[in-house]
2 protein chains.
Amino acid sequence: MTAPSVVETPSFSPLYQQIRTLLVKGLEQGEWRPGQAIPSELELAARFKVSQGTVRKAIDEMVVSGLLVRRQGKGTFVATHAEEATQYRFLRLTADDGDAQPLKRRLIECRRMRAPAEVARALDLRSGDTVVHLRRLLIATEAVAGQMAEVPVVLDDIWLPAALFKGLTLDSLQAWRGPLYRMFEAEFQLKMVRADEKLRAVAAGADDAALLEVAAGAPLLQVERLASSYGGRPVEWRLGLYRTDRHHYRNTLT
Amino acid sequence: MTAPSVVETPSFSPLYQQIRTLLVKGLEQGEWRPGQAIPSELELAARFKVSQGTVRKAIDEMVVSGLLVRRQGKGTFVATHAEEATQYRFLRLTADDGDAQPLKRRLIECRRMRAPAEVARALDLRSGDTVVHLRRLLIATEAVAGQMAEVPVVLDDIWLPAALFKGLTLDSLQAWRGPLYRMFEAEFQLKMVRADEKLRAVAAGADDAALLEVAAGAPLLQVERLASSYGGRPVEWRLGLYRTDRHHYRNTLT
DNA sequence: CAGTGGTCTAGACCACTAG
DNA sequence: TAGTGGTCTAGACCACTGA
């Protein structure tokens with residue numbers, strides 16, 4: 001048989017990469033929503049006029065990069081922040097004693113503003129564009145001196161391009177029960193696919209210290225995160241301050 | 001053709017996984033050393049009596065996990081810490097301005113001792129076993145106030161099971177030019193394959209502060225690392241203190 | 001040029017899921 | 001049972017490397 005061609009995408013790259021590109025485009029355009037199944041491998045092979053193996057290889061890569069999830073006997077599904085075993089897929093903070101109590105959320109602020117220079121640069125906006133600024137606490141429930149107590153562990157400042165988050169208000173946020181990224185997925189059709197973080201140790205300022213219930217000047221782990229959606233398009237910039245007296249940030253290198 | 005079998009490994013798992021296991025065993029036993037080529041795919045297929053595609057899939061996984069490296073037209077090679085583009089494959093610290101000057105090393109200490117409880121637990125030793133304790137600085141050369149200056153950025157305390165590092169001395173370490181993990185590979189046939197890190201923000205103690213040339217109490221990024229070799233066997237435990245005033249620890253989530 | 005990894009096909013059979 | 005992903009084969013051709 002002669003080599004098939006995917007006429008829709010010119011340019012020369014392996015077939016399976018072209019197919020991956022087409023599938024990613026489908027995800028971007030919402031052809032298949034998070035949690036839904038994409039067509040079967042044989043169906044896609046027929047549609048693109050390639051063999052099942054080629055489709056398989058394209059899907060393999062997307063599975064590795066966290067875009068899709070396979071379930072044997074059922075199908076291949078669009079990855080979602082909804083049904084993660086762990087509530088927070090991107091949060092690398094773990095309790096030292098390993099217990100994984102769910103975290104409580106407390107929203108402190110939600111307002112629209114002109115993008116500060118640093119935020120505009122990170123989100124690739126023009127310096128005048130409007131952003132939504134959120135500030136919130138994540139609170140752990142843990143045994144302290146024999147008593148169960150609520151201890152704030154994360155203070156996040158979050159900036160979002162207002163153009164992408166129309167209708168986001170303090171009320172709608174407070175009504176939402178569940179992780180932010182799940183809400184972004186459900187309400188704004190924006191799926192966070194990748195995040196790049198820069199970590200530093202910093203001394204707590206007075207305000208942040210008060211919110212996190214530590215002494216001013218106490219060491220905190222600062223996590224600067226740029227999260228992006230399918231095309232690598234930056235969609236959120238956040239600055240987190242983590243208390244690491246009873247928690248730590250875990251990472252694996254290979 | 002009837003299904004082939006790999007008689008050497010009973011148990012039921014996919015053929016390609018059995019082959020991966022055999023290849024990993026070859027790496028553990030030093031059949032192929034870091035930097036060397038393993039046999040070609042066709043040769044391995046013949047040896048194991050499977051098709052090339054099956055060997056390919058086994059190798060694919062090992063490439064993803066960083067054990068092997070493919071070079072088209074040349075062969076498949078055992079990954080090594082020797083010829084990394086970046087000198088330090090496992091060091092996630094980056095200068096804020098992005099410039100990647102090589103770091104200088106200064107060895108402060110190398111002595112044998114009974115394993116402290118914490119170290120013994122991490123390295124899976126009995127609490128009486130001997131360990132080698134190293135202490136060293138990594139020093140960056142950077143422009144400070146228009147002048148090039150040497151600034152200490154990392155202080156590492158490193159513990160190694162003495163039984164695995166016979167003959168390691170301060171002199172031999174100081175004679176070695178290059179990353180530590182390259183030396184472990186070359187001198188002790190121990191390749192670091194994986195590392196698990198726990199990050200915290202801490203306040204600098206007096207001694208550490210002096211070595212890193214910061215004020216006592218200054219915030220530092222503490223990186224606890226357990227590095228392991230092929231079988232997942234822990235081989236090194238280290239506690240690093242990173243200055244993050246001009247550097248940051250980078251990480252990508254997917 | 002021969003030898004390597006890289007892509008692609010076509011078809012077989014297995015393992016799992018669900019009606 | 002039908003439909004899905006998972007494994008495996010055999011063989012074709014391409015792209016790159018180095019003698």
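Letters A, B, ... mirror the listed sequences (proteins, then strands); counts begin at 1.
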Which whole-number value in Å describes the distance from [X] [atom1] to [N] [atom2]?
X: B:Asp60; N: D:dT7; atom1: CG; atom2: C1'; result: 14 Å
X: A:Gln52; N: D:dG5; atom1: CD; atom2: P; result: 8 Å
X: B:Arg56; N: C:dC8; atom1: CZ; atom2: P; result: 11 Å
X: B:Gln18; N: D:dT7; atom1: CD; atom2: P; result: 12 Å
X: B:Ile59; N: D:dC8; atom1: CD1; atom2: P; result: 15 Å
X: A:Phe48; N: C:dC8; atom1: CZ; atom2: C1'; result: 16 Å
X: B:Glu61; N: D:dT7; atom1: CD; atom2: C1'; result: 12 Å
X: B:Gln17; N: C:dA15; atom1: CD; atom2: P; result: 14 Å

Exercise for review: Take A:Arg70 and A:Asp60 through the side-chain contact (heavy atoms from CB on, under 4.5 Å) test and state the conclusion after the steps.
Suggested key: CA-CA 9 Å; A:Arg70 293 183 194 280; A:Asp60 275 342; 2.4 Å; yes
**Study point:** Spacing of B:Leu103 atom CG and B:Leu91 atom CG [to the nearest 0.5 Å]
**Key:** 6.5 Å
Review point. Measuring from B:Leu164:CG to B:Arg233:CZ, what's the distance to the nearest 0.5 Å?
Key: 5.5 Å
Review point. Got a donor-acceptor contact below 3.5 angstrom from the A:Lys57 side chain to the A:Leu15 backbone?
Key: no
**Study point:** From CA spacing to verdict: side-chain contact (heavy atoms from CB on, under 4.5 Å), A:Tyr88, A:His81
**Key:** CA-CA 8 Å; A:Tyr88 297 91; A:His81 290 272; over 6 Å; no
Check your understanding: Taking the inter-plane angle between the rings of B:Phe165 and B:Phe188 on a 0 to 90° scale, is it parallel (under 30°), tilted (30 to 60°) or perpendicular (over 60°)?
Key -> tilted
Check your understanding: According to the interplanar angle, ranging from 0 to 90°, do the rings of B:Tyr181 and B:Phe90 count as parallel (below 30°), tilted (30 to 60°) or perpendicular (above 60°)?
Key -> perpendicular
Review point. Can you find a pair of side-chain heavy atoms, one from A:Trp237 and one from A:Val131, that are under 4.5 Å apart?
Key: no
Check your understanding: Side chains of A:Val50 and A:Leu44: does their closest heavy-atom pair fall under 4.5 Å?
Key -> no
Review point. For DNA chain C, what are the stems built from at least three Watson-Crick or G-U pairs in a row, each pair having both distances below 3.5 Å?
Key: C:1-18 with D:1-18
**Study point:** Any residue of residues 71-79 of chain B with a heavy atom less than 4.0 Å from an atom of DNA chain D
**Key:** B:Gln72, B:Gly73, B:Lys74
**Study point:** Lys/Arg-Asp/Glu bridge criterion (N-O < 4.0 Å) met for A:Asp96, B:Arg200
**Key:** yes
Check your understanding: If you check every side-chain atom of B:Thr54, which of D:dG6, D:dT9, C:dC8 has the closest atom?
Key -> D:dT9
Practice item. Assess whether salt bridge (Lys or Arg N to Asp or Glu O under 4.0 Å) is satisfied between B:Asp196 and B:Lys198, documenting all intermediate values. Key: CA-CA 7 Å; B:Asp196 291 285; B:Lys198 295 180 182 178; over 6 Å; no
Practice item. Tell me which residues in residues 33-42 of chain B put a heavy atom below 4.0 Å from DNA chain C, sorted by number, or none. Key: B:Ser40, B:Glu41
Review point. Does the side chain of B:Arg70 get closer than 4.0 angstrom to OP1 or OP2 of C:dT4 through an N or O atom?
Key: no
Check your understanding: Just to confirm, is there a sub-4.0 Å distance from OP1 or OP2 of C:dC8 to any side-chain nitrogen or oxygen of A:Lys57?
Key -> no
